[in-house]
Amino acid sequence: MDNKKLADLLFPDVVNTPEYYEEKYPYRKLPSKAQVTRMAPSPTGFIHLGNLYSALADERIAHKKNGVFYLRIEDTDEKRKVDGAVETIINVLRYFNIEFDEGAGFDENAENNKYGPYFQQQRVDIYHAYVKRLVEKGLAYPCFCTEEELEKVRQKQDAKKILTGYYGEYATCRNMSYEEVFANIKAGKEYVIRLRSQGSPDKEITFKDCIKGEIKLPENIHDIVLLKKDGVPTYHFAHAIDDHLMRTTMVIRGGEWLASVPIHYELFNILGFKMPEYGHTAHLMKFDEETGGKRKLSKRKDPELSLDYYRKDGYHPYCMKVYLLTLLNSNFEEWHEKFPDKDINDFPFSVDKMSQSGALFDKDKLHNICKNELSCLSEYEMYNFLHEWAVEHEPEKCDIWFADKEKMLGILRLYMGIGMKRRRKDFIYARQIFELIAYFFDMEDGQKERDKLGNQTIDKKTVHNILKEYLATYNHDDDNSAWFNKLKAIADKFGFASDMKAYKKEPEKYNGNVSDIAEIVRIAVTGRANTPDLWQIVHIMGQEQMTERITAAIEV
RNA sequence: GGCUCCAUGGUCAAGCGGUUAAGACAUCGCCCUUUCACGGCGGUAACACGGGUUCAAAUCCCGUUGGAGUCACCA
């Protein structure tokens with residue numbers, strides 16, 4: 001059959017040739033080892049930790065050697081599109097300090113937008129030019145099979161226990177004559193364009209994955225769909241065209257794509273493109289309670305792993321980045337500990353240090369990292385971070401919390417251990433921080449704990465007497481040690497050990513020790529068993545508030 | 001089911017033919033500490049199983065088992 005004639009019938013409107021595009025998007029002039037990477041999400045508006053994980057890898061690889069990291073939007077599936085998704089993606093990544101060099105979201109005429117458009121919907125002319133060429137060469141053809149017909153074939157193949165799919169003798173539209181095609185089109189039948197696969201079932205391809213190493217896979221034999229019935233390309237075809245024309249050098253993507261490398265291999269091959277390097281990442285996993293095993297993070301089942309979740313609770317983006325980096329490159333953690341003052345972007349990120357199997361997401365580890373990283377901030381950095389978070393996520397309480405700047409700074413200094421020999425590590429994320437210090441602002445806060453006083457080892461009456469004694473002897477002008485000496489005096493009076501060493505020697509001789517006295521006062525004042533130095537707390541909140549709290553505890 | 005990848009403590013992981021099998025998180029204990037933390041020291045805890053190859057195997061090969069991914073006009 002006359003392929004040229006067929007191509008013209010199918011694509012009468014194509015004006016530009018592949019050569020035109022090759023020239024329009026020349027090879028990038030970059031330093032010798034620079035890589036061009038990309039993030040290519042579909043605009044569903046949902047980004048989870050896995051996406052960030054992978055985007056961070058791409059970004060590091062590109063920026064490590066002055067390469068390019070760009071954003072392309074894979075909006076070829078109408079059904080999944082969500083409005084505003086692109087803005088969300090850019091904002092979220094920006095929040096985590098990951099910046100693109102070019103791509104979607106940049107001004108169309110900007111210097112760094114030479115390889116656009118970056119929305120696949122806007123690239124259909126390009127795809128068509130290349131498909132037309134393939135049809136001319138007899139490497140692609142129209143297929144009029146309906147979904148029902150395909151489903152029937154699939155069932156038949158299933159029953160015979162042979163490979164399912166559109167290939168070989170099952171590719172019924174493969175050898176349709178021009179006349180038939182013409183008649184079908186004339187009749188208004190819908191069709192897709194399929195690849196005429198040149199692969200052989202008993203040959204295999206070998207390629208080097210830069211994360212997983214050498215991998216052997218069978219050749220592709222499927223006549224996969226290149227253009228869907230609406231003329232929009234499938235992922236596979238768009239990937240080949242876009243990554244070639246945008247001159248991507250390294251494609252880091254999820255392991256779910258590994259199985260389709262043979263398709264991409266054939267596509268790049270028949271198109272005459274050089275393949276980029278591939279790196280297929282292991283997925284972040286989650287422990288599944290139901291099955292008792294690991295599984296891939298899923299959008300459906302794990303809403304708590306969406307990035308919004310971390311934003312809402314106010315995880316500091318820097319901490320998230322550090323955590324992700326420790327997962328991404330096994331030697332990062334060691335490096336970061338060795339050079340705590342170096343910019344984490346100076347870490348020599350390397351693809352081959354990336355993990356082969358999926359890491360279980362570990363919240364304990366994340367929290368530990370948060371504690372450590374947050375303890376390195378200054379009180380002003382912390383103040384700003386908390387303020388920004390509160391404005392957005394707790395607007396009503398924000399005014400109360402930040403009404404008195406000096407008070408807040410004082411609290412932060414105290415809780416962060418600023419001015420002490422060593423920093424404290426109480427802070428994990430914004431919401432947790434405000435829960436920790438809520439008693440400074442909310443009189444009701446901690447009442448539950450106060451109510452419990454006297455229900456444990458020490459009886460209620462004793463507790464109340466201790467608190468009364470505390471109030472009676474309290475002097476707001478006492479310094480820290482004078483104040484503590486009074487606690488000791490109370491201890492002695494009630495048969496508690498004021499000397500820890502003596503207590504340890506003969507614990508049975510006492511009702512308890514100063515630590516117990518301090519705990520009682522601590523809970524009465526703050527509603528918490530764990531807080532920094534009580535004397536300082538009392539001096540931040542003031543005598544009045546303290547008295548009120550203790551009175552409330554006694555009156556229970 | 002076919003194809004592919006993976007397999008070291010509870011978790012993340014070093015390891016590249018000879019190691020007392022690192023380290024981090026979690027956990028437990030002790031010490032420091034006038035209270036809470038921080039910190040310091042120490043403990044418990046691992047090479048999935050079975051065959052080879054080798055003087056020597058966590059490391060190389062082959063099976064088994066287990067886990068994961070994928071088999072669309074979704075990406």
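A, B, ... follow the sequence lines: proteins, then strands. Residue 1 opens every chain. From a predicted model like this one, the values you see are computed outputs, not experimental measurements.
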Give one of base, sugar-phosphate or nothing for [X], where a contact means two heavy atoms less than 4.0 Å apart.
X: A:V192; answer: base
X: A:R424; answer: base
X: A:K421; answer: nothing
X: A:W257; answer: base

Any-strand Watson-Crick or G-U partner of [N], both distances under 3.5 Å:
N: B:rG50; value: B:rC62
N: B:rG29; value: B:rC41
N: B:rU11; value: B:rA24
N: B:rC3; value: B:rG69
N: B:rG17; value: none

Between [N] atom [atom2] and [X] atom [atom1], what is the distance in whole Å?
X: A:E334; N: B:rC25; atom1: CD; atom2: P; value: 13 Å
X: A:F427; N: B:rC36; atom1: CZ; atom2: P; value: 19 Å
X: A:K363; N: B:rA26; atom1: NZ; atom2: P; value: 15 Å
X: A:W335; N: B:rA13; atom1: CH2; atom2: P; value: 20 Å
X: A:E214; N: B:rC16; atom1: CD; atom2: P; value: 22 Å
X: A:I211; N: B:rG69; atom1: CD1; atom2: C1'; value: 14 Å
X: A:I215; N: B:rG69; atom1: CD1; atom2: P; value: 16 Å
X: A:R422; N: B:rC32; atom1: CZ; atom2: P; value: 14 Å

* Below 4.0 angstrom, N of the basic side chain to O of the carboxylate: do A:R528 and A:D445 qualify? ->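 Result for this pair is yes, salt bridge flagged.
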
* Asked: In terms of side-chain geometry, is the basic nitrogen of A:E214 or A:K216 positioned less than 4.0 Å from the acidic oxygen of its partner?
  ->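 So A:E214 does not pair with A:K216 through a salt bridge.
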
Could you check whether the rings of [X] and [Y] sit parallel, tilted or perpendicular, using 30° and 60° as the cut-offs?
X: A:Y474; Y: A:H476; result: tilted
X: A:H239; Y: A:Y278; result: tilted
X: A:Y191; Y: A:F144; result: tilted
X: A:Y167; Y: A:H222; result: perpendicular
X: A:W257; Y: A:H236; result: perpendicular
X: A:F427; Y: A:Y415; result: parallel

Using the [atom1] atom in both, what is the distance from [N] to [M], to the nearest Å?
N: B:rC47; M: B:rA58; atom1: C1'; result: 5 Å
N: B:rG63; M: B:rA56; atom1: C1'; result: 23 Å
N: B:rC16; M: B:rG23; atom1: P; result: 16 Å
N: B:rC73; M: B:rC61; atom1: P; result: 38 Å
N: B:rC12; M: B:rU54; atom1: P; result: 36 Å
N: B:rU59; M: B:rA7; atom1: P; result: 12 Å
N: B:rC71; M: B:rU64; atom1: P; result: 25 Å
N: B:rG9; M: B:rA13; atom1: P; result: 11 Å

Can you see if the side chain of [X] gets near the phosphate of [N] - specifically, an N or O under 4.0 Å from OP1 or OP2?
X: A:T76; N: B:rA75; answer: yes
X: A:K228; N: B:rA75; answer: yes
X: A:T164; N: B:rG2; answer: no
X: A:R194; N: B:rC73; answer: yes
X: A:K425; N: B:rG39; answer: yes
X: A:S515; N: B:rC36; answer: yes
X: A:T326; N: B:rC12; answer: no

* Kindly state each residue pair satisfying salt bridge (Lys or Arg N to Asp or Glu O under 4.0 Å) with at least one member in residues 143-163 of chain A, sequence neighbours excluded. =>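 Qualifying pairs: A:E151-A:R154, A:R154-A:D158.
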
* Between A:I73, A:T76, A:V232, which is the residue that forms a side-chain contact (heavy atoms from CB on, under 4.5 Å) with A:Q120? ->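 Output: one option passes, namely A:T76.
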
Considering only [options], which nucleotide approaches the side chain of [X] most closely?
X: A:L258; options: B:rU11, B:rU4, B:rC73; answer: B:rU4
X: A:D77; options: B:rA26, B:rC73, B:rA75; answer: B:rA75
X: A:P218; options: B:rC36, B:rU11, B:rC3; answer: B:rC3

* Asked: Of all of residues 154-163 of chain A, which get a heavy atom below 4.0 angstrom from RNA chain B, listed by number?
  ->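 Within residues 154-163 of chain A, no residue comes under 4.0 Å of RNA chain B.
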
* **Syn/anti state for B:rC38 [syn: chi within 90° of 0]** =>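 The base of B:rC38 is oriented syn (glycosidic angle within 90° of 0).
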
* To do: Between A:N331 and A:L534, just flag the one whose closest nucleotide in RNA chain B comes earlier from the 5' side.
  =>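 Result: A:N331.
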
* **Closest-nucleotide ordering on RNA chain B, the 5'-leading residue of A:C143 and A:G255** =>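 Nearest-nucleotide comparison on RNA chain B picks A:G255.
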
* List in chain and number order the residues that pass side chain to side chain donor-acceptor pair (under 3.5 Å) with A:N372, two or more places apart in sequence or in another chain; answer none if no residue qualifies. =>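 Partners of A:N372 under the side chain to side chain donor-acceptor pair (under 3.5 Å) test: A:N368, A:K425.
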
